2 protein chains.
Amino acid sequence: MSLRETPASPSAATLSTTLAERLRSAIMRGELVPGSKLVLDRIRASYGVSLSPLREALWRLESEGLVQAEDQRGYRVAPVSADNLAEVIRLRVELEGMAAREAILHGDAAWEGRILSSLHQLNRSRRGQRSPEEQEEWEQRHRAFHAELISACRMPLLQQFCETLHDQSDRYRRIFLKDHEPDRDVPAEHAAIADAMIGRRADDAARMLRDHIERTGRNIQAALRGPG
Amino acid sequence: MSLRETPASPSAATLSTTLAERLRSAIMRGELVPGSKLVLDRIRASYGVSLSPLREALWRLESEGLVQAEDQRGYRVAPVSADNLAEVIRLRVELEGMAAREAILHGDAAWEGRILSSLHQLNRSRRGQRSPEEQEEWEQRHRAFHAELISACRMPLLQQFCETLHDQSDRYRRIFLKDHEPDRDVPAEHAAIADAMIGRRADDAARMLRDHIERTGRNIQAALRGPG
DNA sequence: CTCCAAATAATAATCGATTATTTTGTGATC
DNA sequence: GATCACAAAATAATCGATTATTATTTGGAG
C-alpha cells in the first residue's frame with residue numbers, strides 16, 4: 001500500500017525493497033517477458049539473494065499487478081492482453097480524472113509550482129533517446145509529472161491506485177511502442193493539461209487528460225493486435 | 001492482486017495464505033487493534049509459524065491497506081482516522097457505482113440469479129446475532145452479496161479495488177459499530193438495490209448504493225468522533 | 001500406440017539459526 | 001535536570017538447509 005516512498009526518517013532500504021525495485025524495472029522494460037515463469041532459484045542466483053527477500057519482493061509486485069502468484073506453483077510475470085489493457089486505460093481515465101478534479105479544488109500555489117517544475121524537467125529530457133539512461137530518465141520524469149498533477153487531491157488511496165494503473169499502462173507502452181515515433185505532439189499535450197489544471201479549468205483538464213490517456217491506449221492496442 | 005480466490009485447480013493452500021486469512025480476520029474484527037505494533041517474534045510464536053510465511057502474509061495485508069510496513073522498523077496494524085474513512089467511503093461510492101453500471105450493461109440471467117440467491121442467503125442470517133459465528137456468517141454473506149452485485153462488470157481490476165475498499169470500510173464498521181442497533185431498515189435497502197440492478201435501472205441503483213454506503217459511513221464517523 | 005502409475009527430478013515453501021539495525025537503558029558531562 | 005555517547009537489549013532482515021509439493025519421465029499394461 002506504500003506509495004513508492006523515501007522513508008520519512010532515514011532508515012536503510014531493505015534488501016527486499018531494493019530487489020522489488022530492480023524486478024519492477026526489469027518487468028516494466030519488458031526484459032522479463034509477460035507471462036514467463038519466474039523460477040525462484042534462478043532469480044535468486046542471478047540477483048545474488050536468498051529466498052526470503054525474493055519472495056517478499058514478488059508479493060509486493062503481485063499487489064501492483066506486475067506479477068501473478070499461485071500457491072504451490074510459483075510466480076510468473078503478469079501476462080498482457082487487450083482486455084486487461086482496455087480496463088487499465090478505462091480506469092486511468094476515470095480515476096485520474098477524479099483525482100485531477102479534486103486536485104484543482106485543493107491545490108495551492110506550491111502545487112502549481114511543482115507542476116510547472118516537473119513539466120520543465122520533463123521537457124528538458126527527450127523521449128525516444130538513443131541511450132537507455134536517457135530513456136529511463138524521461139520515463140521517470142514523465143511519471144513524476146503525471147503524479148504531480150494529482151498530488152494535491154488529498155486522497156492518498158486514490159493516488160496509490162493511479163500510480164499502480166500508470167505503471168501498468170507504462171509497461172504496455174514500453175513493451176509495445178518500443179521505438180515508435182509518436183504520431184502527435186505529446187509535449188504540447190502535457191503543457192496544455194498543466195495549463196488547464198493550474199487555470200482551474202476542471203472540465204478542460206479532465207477532457208484533455210482523458211484524450212491523452214486514450215490516444216496512447218489506442219496506439220498500444222494497435223501494436224498489440226498487429227504483431228501479437 | 002488476487003481476488004481472494006479458490007485456486008482454479010485444487011492446489012493446497014500455502015501456510016502463508018492461511019496465515020494471511022487468519023490475520024486479516026483478526027484485524028477486521030478489531031482483535032488486533034488499529035495502530036498497534038505487530039512484533040514479528042510474538043506473532044510468530046502465537047501462531048506457531050516461522051518468519052518467512054509470516055512476513056509474506058504481512059506484505060499481502062499491506063497491499064490491502066490493513067497493515068503498514070516500514071523498512072527495518074517492522075509492521076503495525078493500519079491506523080484508523082476520520083480522513084481515511086472519508087476517502088474509503090468516497091471511493092467506494094465512485095468505484096462501486098461505476099462497477100454497478102457496467103454490471104447492469106453486461107449482466108445476464110445467471111447474474112440475476114446469483115444476486116437473488118445471495119440476497120436470500122443474506123436475509124436468512126440475522127445481523128447483530130449473539131454468537132460470533134452467526135455474526136461472522138452475516139459478515140461473509142453481506143460481503144458476498146455486494147460482490148455479486150458487481151460480478152458481471154467484466155472489470156477484474158475494478159472488482160479488486162472494490163473488494164479492498166469494502167474490506168477497509170467493514171473493518172471500521174465492525175470496530176466502531178460493534179453492537180449498534182441499526183437505525184434503518186438495512187435488509188430493505190439491500191432488496192431495493194438488488195431490484196434496481198436486476199431491473200436495469202442504473203441511475204436508481206447507483207443512487208441507492210451511494211446512499212447505502214454513505215449512511216453507514218456517517219454512522220461510523222459519528223461513532224469515531226464520539227468516543228475516540 | 002495410448003493410457004496410467006510409480007519413480008525421479010525440479011521447484012516451491014518452510015524452518016531454525018545468524019546477522020544487521022533500531023530501540024532502550026545507563027552513566028557521564030555540562 | 002538535560003543532553004550526549006556508548007553499551008545492552010530487542011527486534012527486523014537475511015541466509016542456508018530441509019521439507020513438501022508439483023512437474024516430468026519412465027516403464028509397463030491394455
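None of the values given here were measured: they were computed from a predicted structure. So that the names make sense, note that chain A is the first sequence line, chain B the second, and so on, each numbered from 1. Note: hydrogens, waters and symmetry copies are ignored here, and every other heavy atom, side chains too, is used.
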Colleague: Here's a test of your reading of the structure: between A/Q72 and A/T17, which maps to the more 5' nucleotide of DNA chain D?
Modeller: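 Upstream on the strand: A/T17.
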Colleague: In whole angstrom, give the distance that lies between atom CG of A/L19 and atom P of D/dT14.
Modeller: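 My rounded result for the distance is 9 Å.
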Colleague: Write down the distance between CG (A/D71) and C1' (D/dA20), rounded to a whole number of angstrom.
Modeller: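 Checked: the CG to C1' distance equals 13 Å.
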Colleague: Kindly state which residues belonging to residues 31-44 of chain A come within less than 4.0 angstrom of DNA chain D, counting heavy atoms of the residue only, listed by number.
Modeller: none
Colleague: In Å, rounded to the nearest 0.5 Å, how long is the span from CD of A/E148 to OG of A/S118?
Modeller: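 Reported to 0.5 Å precision, the distance equals 5.0 Å.
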Colleague: Nearest 0.5 Å, what's the CD1-CD distance between A/I150 and A/E96?
Modeller: 6.0 Å
Colleague: Rounded to whole angstroms, how far apart are CD on B/E70 and P on C/dT22?
Modeller: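 Atom CD in B/E70 sits about 10 Å away from atom P in C/dT22.
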Colleague: Touch check for A/T14, heavy atoms < 4.0 angstrom, all strands: base, sugar-phosphate only, or nothing?
Modeller: sugar-phosphate
Colleague: Under the criterion side-chain hydrogen bond (donor to acceptor under 3.5 Å, both in side chains), I'd like the reasoning laid out for A/T17 against A/R60: C-alpha separation, chi angles, the key distance, then a yes or no.
Modeller: CA-CA 9 Å; A/T17 297; A/R60 299 201 222 182; 3.1 Å; yes
Colleague: What is the distance, to the nearest angstrom, from the CD atom on B/E56 to the P atom on D/dA13?
Modeller: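 It is 14 Å, rounded to the nearest whole Å.
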Colleague: Where the side chain of A/S50 is defined as all heavy atoms beyond and including C-beta, which of D/dC15, C/dA13, C/dC15 is the nearest nucleotide?
Modeller: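 Nearest listed nucleotide: D/dC15.
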Colleague: Grab the CG-P distance between B/L51 and D/dT14 for me, whole Å please.
Modeller: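 So the CG-P distance, B/L51 to D/dT14, works out to 11 Å.
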Colleague: Tell me the interatomic distance from B/L54, atom CG, to C/dG16, atom P, rounded to whole angstroms.
Modeller: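 Atom-to-atom, B/L54 to C/dG16, this comes out as 14 Å.
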Colleague: Could you check how far CG of A/L15 sits from P of C/dA20, rounded to whole Å?
Modeller: 12 Å
Colleague: For B/E136 and B/R174, run salt bridge (Lys or Arg N to Asp or Glu O under 4.0 Å): C-alpha distance rounded to whole Å, both residues' side-chain angles, the deciding distance at 0.1 Å, then the answer.
Modeller: CA-CA 11 Å; B/E136 194 55 59; B/R174 295 179 69 170; 3.0 Å; yes
Colleague: To the nearest 0.5 angstrom, please state how far the NE2 atom of B/H106 sits from the CE atom of B/M155.
Modeller: 8.5 Å
Colleague: For A/R73 and D/dA23, is the shortest distance between a side-chain N/O and OP1 or OP2 below 4.0 Å?
Modeller: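 The answer is yes; a side-chain N or O of A/R73 sits under 4.0 Å from OP1 or OP2.
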Colleague: In Å and rounded to the nearest 0.5 Å, what is the NE2 to OG distance from B/H120 to B/S125?
Modeller: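 Going from the NE2 atom of B/H120 to the OG atom of B/S125 covers 10.5 Å.
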Colleague: A/W111 vs A/M197, test: side-chain contact (heavy atoms from CB on, under 4.5 Å). Steps then yes/no.
Modeller: CA-CA 10 Å; A/W111 168 67; A/M197 295 287 291; 3.7 Å; yes
Colleague: Over how many whole Å does the gap from A/Y75 atom OH to D/dT22 atom P extend?
Modeller: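 To the nearest whole Å, that distance equals 14 Å.
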